[in-house]
Amino acid sequence: MHLRTSLKSRARRWVVVAAALALLAEGALAQQDEREREKTERVADILTALGARDGAHIADVGSSDGFYTLRIAKGVAPSGKAYAIDIDQKSLDKLRERAQKDAITNVDVILSEPADPKLPTGALDAVLIRNAYHEMVAYREILKGVMSGLKPGGVLVVSDSISDSLLDKPREQQVKEHYIAPGIVEAELRAAGFEILDRDDAFTKFTSRTIVGGFWMIRARRPMLPAEPSIN
C-alpha cells in the first residue's frame, strides 16, 4: 500500500515537473520568436522614429496584445508613459497580463472606439499606428483624434504593408486584402493637417516567396503653433 502511494506521489511530481519544463520551453521559444521579430520588423528603428526616450508619452493605436506597447514602455521608462489603445477588450486584457508578468508599470490601457482613439488631449509626444491603419474604416476620425492627442510638433508614425501587385488598385481593393499603399496614406495624412517629415516605401521586405512587397513607414507631425507676435 505504501509502495503504491509512493509511486503515485512520484508520478504526480514528475507530471508537475514535466509541465513546468514544458512551460519554460514554451516561454523560451516565445522569447526567441519575439527577438527575431524585433530584428525583422526593425523595432529599434521604429522606436527611434517615435523619439522614444525617458519621460516621453507615446501611444500605440491598434496595440493588440502589446508587442510594440511594451517595448515603447521600456523605451520611455522610468518617467515616461506608454498608452495601449485598442477596440478589442480581450487583446487589452492579454496586454495587461504581459505587462504584469514583465513588471512593466508605466502603461495606460484604453479601450477605444472604431471612430475615436480616446487619446488624452494634447498630452502625447508621439503616436504609433503599426499594421492597423488599413483596418480603420473611420480613418478620418481616427486621424482627427490623433491630431488632438499630440502636442504641437508631436510625431505620428504609420507603418503598414502593401503587395506590389496591388499598388495601382483602388483603396477599397487594397484594404479588402489587408494592405494599403503609402501614397494613399500620405495623401490622407496631409488632408488631415499633418506635415510629412519623411517616407520610406521599402522599410522592410516580405520574406514570402509568393508575395512581393513589404512594410513602408511614414513619419509625420502635428504642426507647431504659430509664434506669437512680439509686443514692442
Side-chain angles (χ1 to χ4, degrees), residues 23 26-44 46-47 49-50 52 56-77 80-121 123-150 155-162 174-180 185 203-204 206 215-218:
L23 285 173
E26 182 180 347
L29 285 173
Q31 288 180 352
Q32 182 178 350
D33 289 344
E34 291 211 345
R35 285 196 295 268
E36 184 62 28
R37 185 178 170 188
E38 287 180 355
K39 294 178 182 177
T40 58
E41 296 186 15
R42 295 178 57 185
V43 171
I46 291 176
L47 294 177
L50 289 166
H57 285 222
I58 300 176
D60 181 9
V61 176
S63 59
S64 187
D65 64 358
F67 176 82
Y68 278 92
T69 306
L70 299 184
R71 284 154 179 78
I72 290 169
K74 292 177 182 177
V76 302
K81 184 180 291 186
Y83 298 80
I85 315 295
D86 206 281
I87 61 173
D88 183 63
Q89 184 64 61
K90 290 183 179 179
S91 294
L92 293 176
D93 290 342
K94 187 174 181 180
L95 190 155
R96 281 195 183 94
E97 291 176 4
R98 294 186 64 183
Q100 290 174 358
K101 181 180 178 182
D102 294 344
I104 296 173
T105 59
N106 61 330
V107 176
D108 273 8
V109 177
I110 299 174
L111 179 65
S112 60
E113 297 177 0
D116 184 1
K118 295 187 177 295
L119 298 174
T121 303
L124 302 173
D125 297 288
V127 170
L128 172 66
I129 304 177
R130 165 72 182 186
N131 200 26
Y133 189 87
H134 68 271
E135 300 285 357
M136 297 174 177
V137 177
Y139 63 89
R140 294 183 183 87
E141 291 80 1
I142 293 296
L143 291 178
K144 182 179 179 181
V146 170
M147 181 74 82
S148 175
L150 285 169
V155 172
L156 167 62
V157 173
V158 184
S159 180
D160 219 305
S161 63
I162 187 64
Q174 291 182 11
V175 299
K176 185 178 180 180
E177 299 292 332
H178 302 286
Y179 294 113
I180 193 164
V185 178
F203 184 63
T204 59
F206 291 146
F215 279 85
W216 49 263
M217 185 172 74
I218 296 175

Can you see which heavy atom on [X] is nearest to which on [Y], and at what distance?
{"X": "I142", "Y": "D116", "answer": "CD1-N, 4.0 Å"}
{"X": "S64", "Y": "D86", "answer": "N-OD2, 2.8 Å"}
{"X": "T69", "Y": "S63", "answer": "OG1-CB, 3.3 Å"}
{"X": "A132", "Y": "G62", "answer": "CB-CA, 4.2 Å"}
{"X": "I87", "Y": "S112", "answer": "CG2-OG, 3.4 Å"}
{"X": "R71", "Y": "V43", "answer": "CD-CG1, 4.0 Å"}

Got a sec, which residues hit side chain to side chain donor-acceptor pair (under 3.5 Å) with E135, two or more places apart in sequence or on another chain?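 For E135 the side chain to side chain donor-acceptor pair (under 3.5 Å) partners, ignoring immediate neighbours, are H178.
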
Can you sort out the partners of D160 under side chain to side chain donor-acceptor pair (under 3.5 Å), two or more places apart, ordered by chain and number?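 Scan of D160 (side chain to side chain donor-acceptor pair (under 3.5 Å), adjacent residues dropped) gives H134.
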
Verify, without hydrogens or angle tests, whether [X] (side chain) and [Y] (backbone) share a donor-acceptor contact under 3.5 angstrom.
{"X": "S159", "Y": "W216", "value": "yes"}
{"X": "D125", "Y": "H57", "value": "yes"}
{"X": "R42", "Y": "F203", "value": "yes"}
{"X": "R98", "Y": "K94", "value": "no"}

To the nearest 0.5 Å, tell me how far [X] [atom1] sits from [Y] [atom2].
{"X": "D60", "Y": "F67", "atom1": "CG", "atom2": "CZ", "answer": "10.5 Å"}
{"X": "R96", "Y": "Q89", "atom1": "CZ", "atom2": "CD", "answer": "6.0 Å"}
{"X": "K118", "Y": "S148", "atom1": "NZ", "atom2": "OG", "answer": "12.5 Å"}
{"X": "I72", "Y": "I104", "atom1": "CD1", "atom2": "CD1", "answer": "11.0 Å"}
{"X": "L50", "Y": "Y68", "atom1": "CG", "atom2": "OH", "answer": "10.0 Å"}
{"X": "L119", "Y": "I85", "atom1": "CG", "atom2": "CD1", "answer": "5.0 Å"}

Take the angle between the ring planes of F206 and F215 and call it parallel below 30°, perpendicular above 60°, tilted in between.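 Plane angle over 60°, so perpendicular.
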
Under 3.5 Å side-chain donor-acceptor pair for D88 and S91: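 D88 vs S91: donor-acceptor pair found between side chains.
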
Answer yes or no: is there an ion pair linking K74 with E38, defined by an N-O contact shorter than 4.0 Å?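 Not counted as a salt bridge, because no side-chain N and carboxylate O are separated by less than 4.0 Å.
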
Please tell me if the side chains of L156 and L143 come closer than 4.5 Å, counting only heavy atoms from C-beta onward.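 Touching, per the 4.5 Å side-chain cut-off.
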
